[in-house]
*Asks:* 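Shown below is the structure under consideration.
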There are 2 protein chains.
Amino acid sequence: MANDRQEPDSSKAPTSADVARRAGVSQTTVSQVLNGKAGITRISADTRQKVLDAAANLGYTPNHAARSLRERRTKLIALVMPTIGNPYFSDVVHAAQEVARDAGYSVAVIPMRAAGDLRTSALLQGAACDGIIATGHDNCSSPDLLALKARGLAVVVVQEPSPDPAISSISVDLEEGGYIATRHLIRQGHRRVCHITERLRALPDAESRLGGYRRALAEAGLPFDPELVFVTENSMEGGAAAVDRLLELAQNSPTAAFVYNDRLAVGALARLRERGVNVPGEFSLVGFDGLAIGAFTAPALTTIDSPREAIGRLAAETLIKAIEDGYQTGQTHRLPVRLVVRGSCGGQPAP
Amino acid sequence: MANDRQEPDSSKAPTSADVARRAGVSQTTVSQVLNGKAGITRISADTRQKVLDAAANLGYTPNHAARSLRERRTKLIALVMPTIGNPYFSDVVHAAQEVARDAGYSVAVIPMRAAGDLRTSALLQGAACDGIIATGHDNCSSPDLLALKARGLAVVVVQEPSPDPAISSISVDLEEGGYIATRHLIRQGHRRVCHITERLRALPDAESRLGGYRRALAEAGLPFDPELVFVTENSMEGGAAAVDRLLELAQNSPTAAFVYNDRLAVGALARLRERGVNVPGEFSLVGFDGLAIGAFTAPALTTIDSPREAIGRLAAETLIKAIEDGYQTGQTHRLPVRLVVRGSCGGQPAP
DNA sequence: ATGAAAGCGCTAACAG
DNA sequence: CTGTTAGCGCTTTCAT
């Protein structure tokens, strides 16, 4: 050995031809040994071992591009989300990843802030992945998503209505969640229950939190008052701002709120505290999602827990089935939710 | 047209050969038109337009695998993180993504829970990406990361010490942060300041929060008491558990804590409240990271703000330079932090 | 200004 | 049981 130093980065990665040469066999044999479905008794134990040794010595790793090109599949799933850093989707992703791994797929999360990102991300274009799990309103409703599907990618959407009958969607039962949350507040004696929400969408009642909210109201014989629906930005600041607005309602001001998600609820809770409104004494709150933070707020947050792992698992299973079957069934899964009672809503407030 | 229905998923994606045929030119010309560096006056305006039209009509997208195989580069950067759903890294990722996009790269986030994931993720193996930005202790210190580098991938680590002199690292000045945080508490009159931290690492003082904590103590002539370092799980629950332990200290119990990060601090804050300890009246707290949630806790959290965007930007810039230059410089960037004073630490507590 | 041909690394017919 | 050959879709010399 003239020089044991590691070569610089230029140490070209070994190819299967290198392995073949070193093992004294053909490239085919290398391929067979390394990928051969077990039981294809094609290779002698001796040859097999030689190949394995050579591959190990060389530190051989199959070139992904070459394999993908040849096999016309990548074993890669893209998970598109509006932003990373959302604890809700963290659990979804983890579950999806586990299912994917067991099926031999890897998962890459593609953060999508800008609208055009679906068109520009290298992983989504040119068959760089086999399928897409899409989350977030903008991504799921984008025509670009349909274009990707039209190019042969399998697509599943999560927590959004399916943009195309052939695309499967996995989500929790938002309507039921809204119903349970609102009913819980009404049962505590509240008569004026408001709803704090982000952007209002044109969804059928049966598919939205708002629909459930209205159903609970109707069931209790309470009127639906559009003035009690506060639309705000989807952030903690947004939740706080909504509280400011609802506290301005001089008369008939609400005594409770069903809040779109826990993030908004955390902001609302903070602002109520700042404004000296006692929760749950004077005002009650129910959130949505079941985030961990809800157990650490003051008071802890009553919320609608969403089966995040189940969502991720189902999304991955559905997607992988679509990939491997070569066609999409366009089924809709709607998962049940669960009320988690904590400190943010008490009994009947002072009238 | 016999049938206008979209073909099923089997509508094979058009290739550059298809475009060439349709435009009545050669594949070479198609490639030149579509990728040709501007100014290579090789193609006539007429031909150029024909190709562009044909490509548009066919909805042509270059096949990623084929291009990567041929060019020996993917224009893809992998961002490895222990878990998605961390708001801290969310900002880092966003900034990195922006830089990457401007340089013609896409970013894929690879969640890495299990230790072996670095070896099994398809995106990291077989030159499926050009470089890796790694975060999280386990990933950055893994021998697998070095193996990937040895195979020619560019690597940058974030918020972790560089595992190899050739690997660049970008991080905030943790020591300075620990110093500023602790000094702030001492200046408020606290004499018994504890430190709540996740796993204790064997780092030089100059590179850790703990080092800064000790420096501030020493500067104020206060003894360093190992009993006042509470090691706990890195979660809100962990922060709460640490509070339980520190409140057990019958005598000489601390009146303030410098906490490893905001997540732990949120948990600590919640438990202090539950236990009836007034913050900041009886106990003060400084966190680390500058997460948004800190502005919505009760009281709001004093913290050390970290320049997350700068980190992401620098990480991407450094990585891309390494990719394009073909070698790594192994520089260390250490970014300054900033104290954000909010409600969780007041003046001198009752003695 | 354009085209023909080669080859990136891999797998799968098809021979033997 | 193993090797030869072709070709996935692309870019790029090298001719013309």
Side-chain angles (χ1 to χ4, degrees), chain A residues 10 12-52 54-55 58-75 122 125-128 130 151-152, chain B residues 10 12-37 39-52 54-55 58-76 122 125-128 130 151-152:
Chain A
S10 55
K12 243 174 106 285
T15 72
S16 73
D18 295 332
V19 176
R21 208 168 305 124
R22 173 139 185 172
V25 301
S26 77
Q27 227 184 344
T28 307
T29 302
V30 172
S31 177
Q32 288 294 341
V33 170
L34 266 30
N35 319 326
K37 338 290 167 205
I40 303 244
T41 56
R42 212 198 116 132
I43 306 293
S44 77
D46 182 42
T47 305
R48 186 185 158 68
Q49 196 54 51
K50 273 193 303 195
V51 171
L52 257 24
L58 259 32
Y60 170 70
T61 315
N63 180 286
H64 183 256
R67 178 178 276 178
S68 302
L69 179 56
R70 175 66 226 225
E71 304 242 279
R72 302 158 155 294
R73 57 137 198 70
T74 62
K75 288 278 183 182
Q125 296 299 329
D130 295 337
R151 262 188 226 139
Chain B
S10 56
K12 243 174 109 289
T15 73
S16 72
D18 295 332
V19 177
R21 206 168 306 124
R22 173 139 185 172
V25 300
S26 77
Q27 225 183 347
T28 310
T29 301
V30 172
S31 178
Q32 289 294 342
V33 169
L34 266 30
N35 318 326
K37 336 290 167 202
I40 302 244
T41 57
R42 212 199 115 132
I43 306 294
S44 77
D46 182 42
T47 306
R48 187 184 156 67
Q49 197 53 51
K50 273 192 305 195
V51 171
L52 257 24
L58 258 33
Y60 170 69
T61 313
N63 180 285
H64 183 256
R67 176 176 278 178
S68 301
L69 180 56
R70 173 68 224 222
E71 305 238 282
R72 301 160 156 295
R73 55 135 201 70
T74 62
K75 288 280 184 179
L76 209 58
Q125 296 299 328
D130 294 336
R151 260 184 229 144

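So that the names make sense, note that chain A is the first sequence line, chain B the second, and so on, each numbered from 1. These values consider heavy atoms only, across backbone and side chains, with no hydrogens, waters or symmetry-generated copies.
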*Asks:* Kindly compute the distance separating CD (Q125(A)) from CZ (R67(B)), expressed to the nearest 0.5 Å.
*Replies:* 11.0 Å

*Asks:* Counting primed atoms plus P, OP1 and OP2 as sugar-phosphate and everything else as base, spell out the protein contacts along nucleotides 8-16 of chain D at 4.0 Å heavy-atom distance: B, S or - for each nucleotide, 5' to 3'.
*Replies:* BBBBB----

*Asks:* Apply side chain to side chain contact (heavy atoms under 4.5 Å, CB included) to S31(B) and list each qualifying residue two or more places apart in sequence or on a separate chain.
*Replies:* N35(B)

*Asks:* Could you tell me which residues satisfy side chain to side chain donor-acceptor pair (under 3.5 Å) with R73(B), sequence neighbours excluded, listed by chain and number?
*Replies:* E71(B)

*Asks:* In chain order, what residues pass the side chain to side chain contact (heavy atoms under 4.5 Å, CB included) check against T74(A), with sequence neighbours excluded?
*Replies:* H64(A), S68(A), L76(A), C129(A), D130(A)

*Asks:* Given atom CZ of R21(A) and atom P of dG9(C), what is their separation to the nearest angstrom?
*Replies:* 11 Å

*Asks:* If I take atom CD in residue Q49(B) and atom P in nucleotide dT2(C), what distance separates them, rounded to the nearest angstrom?
*Replies:* 13 Å

*Asks:* Return the angle between end axes of the helix from dA1(C)-dT16(D) to dG16(C)-dC1(D), with five pairs used per end and rounding to 10°.
*Replies:* 40°

*Asks:* Closest approach of A128(A) and A122(A), non-hydrogen atoms and distance?
*Replies:* CB-O, 3.3 Å

*Asks:* Atom NZ of K50(B) and atom P of dA1(C): how far apart are they, to the nearest Å?
*Replies:* 14 Å

*Asks:* As an exercise, state the distance from CZ of R21(B) to OG1 of T15(B), rounded to the nearest 0.5 Å.
*Replies:* 6.5 Å

*Asks:* Sequence neighbours excluded, which residues qualify as side chain to side chain contact (heavy atoms under 4.5 Å, CB included) partners of R48(A)?
*Replies:* V33(A), I43(A), L52(A)

*Asks:* Can you tell me if T47(B) touches the phosphate of dA1(C), counting only side-chain N or O atoms and a distance under 4.0 Å to OP1 or OP2?
*Replies:* no

*Asks:* Consider side chain to side chain contact (heavy atoms under 4.5 Å, CB included). Of L58(A), T28(A), V51(A), V30(A), which one does S16(A) pass it with?
*Replies:* V30(A)

